[in-house]
Engineer: 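Just dropping this structure here.
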Amino acid sequence: MLYKRYIEIGRVCFIRLGDDIGKSGVIVDLVDQKHLLIDGPDGIGRKVLRLNQVALTDIKINIPRGCKTKTVRTAMAKEGVEAKLAATSLVKKFAAKNAKAQLGDFARFKNRVAKTASNRKIRSTVRKLKKSS
Amino acid sequence: MKFKCAELKEFEIVGRPLPKGDEKMPVYKMTIFAPDEIVAKSRFWYFLRQLKKVRKVNGEILRMTEMSNSSPTKIKNFGIWVRYDSRSGSHNMYREYRDVSRTGAITQCYRDMAARHRARPHSIQIMKIEVVKAADTKRPVIKQMHDSKIKFPLPHRILKFNKKSIFVADRPSTMQ
């Protein structure tokens, strides 16, 4: 199949825009071609989101269409969605980006110094190898 | 003129002509969809004046309550009966929308009427709005969502353009 991620009941989504940015939920129902009914843990609850606010993950759970919040949460717990999500690149990248934005000036300075030092080491090693070859 | 930047609100307005003495006056109730209370009251008198011999000057509003959504997380199919004035005449319509609330569906209706028929809000009258069972819906756009195993990919997904990368070495991937 060319497409592996579908908009379907039970698909776990990562919210990339809006008030709940960074959180994830499960598609419980579809309002129309552009809106989803998403449900998730306490952080996001049950709400309607636009398709473009959402990024699809590879995780899919088995839930009946339009089921109650309790059913969704137990299904999420049973399938271990939280652990699977933490392993997805979407979540990891968002966390890394967030962490970088939270850095203070001193932390940024430390990073810069470390990067300069490592780059210097890499360049000197490459130069040595070039000279020897 | 109504401005509708956000979702409309549903008001239940009850009014009556002012009593001239001790006589009992008839009481009229209307459901009005409007962006705020002021417009709602105005539309109430507009419609009541058309239907009954009572004007704002000779009448009073007994009660106005804003109706809240009964089930804001349950998706429903709404059938909306509309009367609107086109450039050359007045027409009745039956339109269907899928939404989570009555106000959401009516807002969709106003936007849709403006888009498809260039109908301005002042020329649209909402006659009736009802929740319609999936089996009784008529429009294919609505019926296509009534599939318990509904599933579609997002082919060639173009997300908001990042102006930082106008010129890039490789073509961006549109695979979701």
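Order of the sequence lines sets the chain letters (A, B, ...), proteins ahead of strands, with each chain counted from 1.
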Engineer: Counting neighbours of CZ on B:R83 that are heavy atoms of other residues, nucleotides or ligands and sit closer than 6.0 Å, is the number greater than 12?
Structural biologist: no

Engineer: To the nearest 0.5 Å, what is the distance between CD1 (B:I150) and CD (A:E8)?
Structural biologist: 11.0 Å

Engineer: CG of A:L51 to CG of B:L159: how many Å apart, nearest 0.5 Å?
Structural biologist: 10.5 Å

Engineer: Counting only heavy atoms not in B:D147, do more than 12 fall under 6.0 Å of its CG?
Structural biologist: yes

Engineer: Within a reach of under 6.0 Å around OH of B:Y46, are more than 12 heavy atoms found that belong to other residues, nucleotides or ligands?
Structural biologist: yes

Engineer: Are B:F11 and B:F47 linked, directly or through intermediate hydrophobic residues, by side-chain heavy-atom contacts shorter than 4.5 Å (ILVMFWY only)?
Structural biologist: yes

Engineer: With a cut-off of 6.0 Å (strictly less than), are more than 12 heavy atoms of other residues, nucleotides or ligands near NZ of B:K41?
Structural biologist: no

Engineer: Quick one, B:Q144 and A:Q33 - any side-chain contact, counting heavy atoms below 4.5 Å?
Structural biologist: yes

Engineer: Would one find more than 12 heavy atoms of other residues, nucleotides or ligands at under 6.0 Å from atom NZ of A:K60?
Structural biologist: yes

Engineer: Quick check for you: to the nearest 0.5 Å, what is the distance between A:L30 atom CG and B:M145 atom CE?
Structural biologist: 4.5 Å

Engineer: Side chain, backbone, both or neither: which part of B:T73 has a heavy atom under 4.5 Å from chain A?
Structural biologist: both

Engineer: Let me confirm one number: the CG-CE distance from A:L2 to B:M175, rounded to the nearest 0.5 Å.
Structural biologist: 4.5 Å

Engineer: If I take atom NZ from residue B:K160 and atom CG from residue A:N52, how far apart are they, to the nearest 0.5 angstrom?
Structural biologist: 9.5 Å

Engineer: Quick one: CD on B:Q108 to NE2 on A:H35, what's the gap to the nearest 0.5 Å?
Structural biologist: 7.5 Å

Engineer: Which bit of A:V48 is near chain B, if near means a heavy-atom gap under 4.5 Å: side chain, backbone, both or neither?
Structural biologist: side chain

Engineer: Tell me if the CD atom of B:E66 is crowded by more than 12 foreign heavy atoms within 6.0 Å.
Structural biologist: yes

Engineer: Is the side chain of A:R11 donor-acceptor paired with the backbone N or O of B:K151 at a distance under 3.5 Å, no angle test?
Structural biologist: no

Engineer: Identify which part of A:R16 has an atom lying under 4.5 Å from any heavy atom of chain B, answering side chain, backbone, both or neither.
Structural biologist: side chain

Engineer: Using non-hydrogen atoms and a 4.5 Å limit, figure out which bit of A:R65 sits close to chain B: side chain, backbone, both or neither.
Structural biologist: side chain

Engineer: Do A:L17 and A:L37 sit in the same hydrophobic cluster, where Ile, Leu, Val, Met, Phe, Trp and Tyr count as joined when their side-chain heavy atoms come under 4.5 Å apart?
Structural biologist: no

Engineer: Does NZ in B:K29 sit with more than 12 non-hydrogen atoms of other residues, nucleotides or ligands closer than 6.0 Å?
Structural biologist: no

Engineer: Can you say whether B:P155 sits under 4.5 Å from chain A via the side chain, the backbone, both, or neither, judging by heavy atoms?
Structural biologist: both

